[in-house]
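The structure under discussion appears below in the form of structure tokens.
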Amino acid sequence: MKDTDLPRSNFVRDWISADAASGKYGGRVRTRFPPEPNGYLHVGHAKSIMLNFGLAEEFGGKCNLRFDDTNPIKEEAEYVESIIEDVRWLGGDFGERPVYASDYFQQLYDWAVELIKKGKAFVCDLSGDQMRESRGTLTEAGTNSPYRERSVEENLDLFARMKDDEFPNGSRTLRAKIDMASPNLNMRDPVMYRILHAAHHRTGDQWCIYPMYDWTHGQSDSIESVTHSICTLEFEDHRPLYDWYLDQLGVFHPQQIEFDRLSLTYTVMSKRKLLQLVQQGVVEGWDDPRMPTIGGMRRRGYSSQGLRDFARNLGVTKTSGLTEFENLEYYIRGDLNKTSPRVMTVLRPLKLVLTNYPEGQVEMVEAVNNPEDEDAGTRSVPFGREVWIEQDDFREEPPKKYYRLYPGNEVRLRYGYIIKCHDVVKDPDTGEVMEVHCTYDAETRSGQQTRRVKSTIHWVPAAEAISVEVRLYDKLFNVENPNEAPDGQDFTANVNPKSLEVVHGKAEPSLASAQPGDRYQFERLGYFCADKSSQAELLVFNRTVELRDAWAKLQKRS
RNA sequence: UGGCCGGUCGUCCAAUGGUAGGACACGGGCCUUUGGAGCCUGGUAUGGAGGUUCGAAUCCUCCCCGGCCAGCCA
């Protein structure tokens, strides 16, 4: 991470800053980013990554990447790999290797034994249903388990046998002995261990009992000397339990701090829902460019820097807000504008013939690679009698304020000449415009001191053009908050059926060397990224984000 | 009708008893060989009612609204 990536001021930063200044934890700061490897990371995680890694860096500390891998049923090594890749891509520096909650299974077990010996934990034989019934409700206290007063000896014996594979799944649990009447449900004798005969992606068959999140997280933080354990709002109710475990053990006690998770308009963020989109084939996979996953955004063409800029400027508070997608796009455009080479591509080609331009003649015109970056230099583009222009850039009958090409009007061909339309060729059957005929003004070649016209349009030389497939992505959902579904339906009812349109366009020859992952600005259209499915014969581009479009906005209004 | 946490421009955040400010979005203008970028500029926001105070977004009381919690998920 670069120092420009430091988080802006927020209450978490203030908190840590105050602790660092007062010498709490010896002035030391250590954080951690603790994903469960049960899915791919999404843009919401990017916020947490920026916060945790950024804060550690700012205060001269470290941030661990720790996998919260305590539920082997949901977790896979594949997810571990993708998470590592995404964190690195976002610039998170977690040192040589990540750490794992599963590294601490033995220590956690030993500590559980310690709690049993202190009379603070017991083996419970209640079934899942029974436990739910005895837990009480939001308004009524629960009732004590009939197994709550087992002797320490019996508990020790039973717990050891749980570990030693003697009991079937679900038959027993180890529970903390706290308070079944607590208004905080998390404190009503929470389960610490459950029996799960399942292979773990790292520990294999070594364990058949697995620790619960609450029994794992705080202790893992403590083992790693984490000073500030930053998590999302839904864990607020868990903090008393986090504190209780640490206090019973008398070990190093980190501070849990909760902040609001990121919600974005027109998308969903829960892993469960993202998984559903993948499984139902709504999208092509976790890295579908329409997905809010880090992988999807990367494939779509979002840059690491752009994403970091966005995440860094997010508010970190305790309100649960809904951030507009436009805010994200602003930062993506901002970075892409500075870094992307320009190129001319026509998405929906319309043939334009310069009737006074000599047949067979080709000249090279000089095009600027990036007006935001002089060092990017220029390139030559062949120019001839026939070129492709965008269908949108010609109207036989122009609406008001339409500055582009129409019969009798002049426009400039970018980097070329000023041209004037004098005729159209139509399909005799459909009346569709097949060709636009223009004359060019030889005195107006680009670079010469010349008159001005209202509009400049892009073009591609017909003879030298290469064909490209372009995937035009739109919002995955057609409502701001897809989670609010119509009665009786789930969020997929809000899927935008037009979130992907595939067109076949023409591009200037310089684009032929594009490699998967390369990003460009297609002049006047937007930012595009070469997709991994590109072949030598046919390059495929994903539209990352459109350029701001004053004309489109004007049209929309009228 | 249990507990916890929150309510400030359309949206996301600042202001920590002393002129309610920024970003995005939106509107107007300038500039322009990208209707891009950039620049300038505008606006009807402190959920409500009381109270404390010279002074309240901030402190107190009550009310209203929203989020989270009843997994052997995290």
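Since the structure is predicted, the reported quantities are computational estimates derived from the model, not experimental observations. Naming: A, B, ... by sequence-line order, numbering from 1 per chain.
- As judged by a 4.0 angstrom heavy-atom cut-off over every strand, A:Arg132 is placed among residues touching the sugar-phosphate backbone only.
- Donor-acceptor pairing under 3.5 Å, judged by distance alone, is present between the side chain of A:Glu372 and the base of B:G36.
- In terms of polar N and O atoms assigned as donor or acceptor, the side chain of A:Thr323 never comes within less than 3.5 Å of the base of B:U11 in a complementary pairing.
- Side-chain N/O atoms of A:Arg524 and base N/O atoms of B:G35 include no donor-acceptor pair closer than 3.5 Å.
- Base pairing analysis places B:U58 opposite nothing; no Watson-Crick or G-U wobble pair with both distances below 3.5 Å involves it.
- Taking the side chain of A:Trp551 as heavy atoms from C-beta on, and the options B:C73, B:G35, B:A70, the nearest nucleotide is B:G35.
- Residue A:Gly447 is classed as a base contact, given a heavy-atom separation below 4.0 Å to a base.
- Comparing B:U34, B:G2, B:A74 by their nearest atom to the side chain of A:Arg194 picks out B:A74.
- Side-chain nitrogen and oxygen atoms of A:Arg548 include at least one within less than 4.0 Å of the OP1 or OP2 phosphate oxygen of B:A37.
- Side chain of A:Leu185, nearest nucleotide from B:A70, B:A74, B:G35: B:A70.
- Using a cutoff of 4.0 Å between basic side-chain nitrogens and carboxylate oxygens, A:Asp103 and A:Arg66 are not scored as salt-bridged.
- What separates CZ of A:Arg445 from P of B:U33 is a distance of 17 Å, to the nearest Å.
- Comparing the P positions of B:G10 and B:U46 gives a spacing of 9 Å, expressed to the nearest Å.
- The separation of B:G48 from B:A74, taken at their C1' atoms, amounts to 39 Å, rounded to a whole angstrom.
- For A:Asp260 against B:G67, a side-chain-to-base donor-acceptor contact under 3.5 Å is absent.
- Considering only the side chain of A:Ala550, B:G36 comes nearest among B:G36, B:A74, B:C72.
- Between the side chain of A:Glu390 and the main chain of A:Leu347, a donor-acceptor pair closer than 3.5 Å is present.
- Atom-to-atom, CG of A:Leu138 to P of B:G3 comes out at 11 Å; the value is rounded to the nearest Å.
- For A:Leu241 and B:A70, the CG to P distance is 13 Å, given to the nearest whole Å.
- Residue A:Asp237 places its side chain closer to B:C4 than to any other of B:U33, B:C4, B:A70.
- The same atom, P, is picked in B:U11 and in B:G47; the two are 13 Å apart, to the nearest Å.
- Look at CG on A:Leu547: it is 10 Å from C1' on B:G35, rounded to the nearest Å.
- Nucleotides B:U41 and B:G55 place their P atoms 36 Å apart, quoted to the nearest Å.
- For the pair A:Lys420 and A:Tyr440, the cation-pi criterion (under 6.0 Å, within 45° of the ring axis) is not fulfilled.
- By the 4.0 Å N-to-carboxylate-O rule, A:Asp129 lies close enough to A:Arg132 to be salt-bridged with it.
- Toward the 5' end of RNA chain B, the nearer of the two residues A:Leu314 and A:Tyr331, judged by each one's closest nucleotide, is A:Leu314.
- Using a 4.0 Å cut-off between a side-chain N of Lys or Arg and a carboxylate O of Asp or Glu, A:Arg524 and A:Asp549 do not qualify as a salt bridge.
- Note on A:Tyr193: nothing from the nucleic acid sits closer than 4.0 angstrom, heavy atoms only.
- Spacing between B:G67 and B:G28 at atom P, rounded to whole Å, works out to 36 Å.
- Aromatic stacking is not marked for A:Tyr213 over B:A74, as the cut-offs of 5.5 Å for the centres and 30° for the planes do not both hold.
- When the P atom is compared between B:G3 and B:U53, the two are found 32 Å apart, to the nearest whole Å.
- Across the P atoms, B:C12 and B:A25 are found 15 Å apart, a figure rounded to whole Å.
- Checked by atom type, the side-chain pair A:Tyr242/A:Gln255 shows no donor-acceptor distance below 3.5 Å.
- Using a 4.0 Å heavy-atom criterion, one finds that A:His238 contacts the bases of the nucleic acid, with or without backbone contacts as well.
- Between A:Arg150 and A:Asp125 there is a salt bridge, with a side-chain nitrogen of the basic residue lying less than 4.0 Å from a carboxylate oxygen of the acidic one.
- Regarding contacts with the backbone of B:C26, every side-chain N or O of A:Arg557 stays at 4.0 angstrom or more from both OP1 and OP2.
- Nucleic acid contact for A:Asn313: none, since no nucleic acid atom lies under 4.0 Å from a heavy atom of the residue.
- Per the geometry, CZ belonging to A:Arg239 stands 14 Å off C1' belonging to B:G6, to the nearest Å.
- Inspection of the A:Glu78 and A:Tyr40 side chains reveals an N or O donor paired with an N or O acceptor under 3.5 Å.
- Atoms CG (A:Asp189) and P (B:C72) sit 12 Å apart, rounded to a whole Å.
- Among the atoms of the strands shown, none is found under 4.0 Å from any heavy atom of A:Glu258.
- The phosphate of B:C13 has OP1 or OP2 within less than 4.0 Å of a side-chain N or O from A:Thr317.
- Within the 4.0 angstrom heavy-atom criterion, base atoms lie near A:Tyr402.
- Side-chain proximity of A:Ser320 to B:C24, B:G35, B:G67: nearest is B:G67.
- Nucleic acid contact for A:Met212: sugar-phosphate only, since backbone atoms but no base atoms lie under 4.0 Å from a heavy atom of the residue.
- The base of B:U32 lies outside donor-acceptor range of the side chain of A:Arg452, with no N or O pair under 3.5 Å.
- Rounding to whole angstrom units, CG of residue A:Asn184 and P of B:C5 are separated by 11 Å.
- For B:C72, one of the phosphate oxygens OP1 or OP2 lies less than 4.0 angstrom from a side-chain nitrogen or oxygen of A:Arg135.
- Cation-pi geometry between A:Arg519 and A:Phe528 is not met at under 6.0 angstrom from the ring centre and within 45 degrees of the axis.
- Within the 4.0 Å cut-off from OP1 or OP2 of B:C26, at least one side-chain nitrogen or oxygen of A:Lys553 is found.
- Among the protein residues, A:Pro240 comes within range of no part of the nucleic acid, since none of its heavy atoms lies under 4.0 Å from any strand.
- Taking side-chain N and O atoms only, A:Arg175 has no distance below 4.0 Å to OP1 or OP2 of B:C72.
- Taking the nucleotide of RNA chain B with the nearest heavy atom to each of A:Gly128 and A:Leu413, the more 5' of the two is matched to A:Leu413.
- The side chain of A:Arg404 lies closest to B:G35, out of B:G35, B:A74, B:A70.
- As rounded to the nearest Å, B:G22 and B:G43 have P atoms that lie 11 Å from one another.
- In this structure, B:G10 shows a glycosidic angle more than 90 degrees from zero, which is the anti conformation.
- Distance A:Leu126 CG to B:C72 P: 11 Å, rounded to the nearest Å.
- Across B:C5, B:G35, B:C72, the shortest atom-to-atom separation from the side chain of A:Glu236 is found for B:C5.
- One N or O donor and one acceptor, one from the side chain of A:Glu324 and one from the base of B:G10, sit under 3.5 Å apart.
- A:Arg172 forms a cation-pi arrangement with A:Phe167, by the criterion of a distance under 6.0 Å to the ring centre and an angle within 45° of the ring axis.
- For a distance-only test at 3.5 Å, the side chain of A:Glu326 fails to qualify as a donor-acceptor partner of the base of B:U11.
- For the OP1/OP2 pair of B:C13 and a distance below 4.0 Å, the side-chain nitrogens and oxygens of A:Thr319 include at least one atom meeting the criterion.
- The phosphate of B:A74 (OP1 or OP2) has a side-chain N or O of A:Thr70 nearer than 4.0 angstrom.
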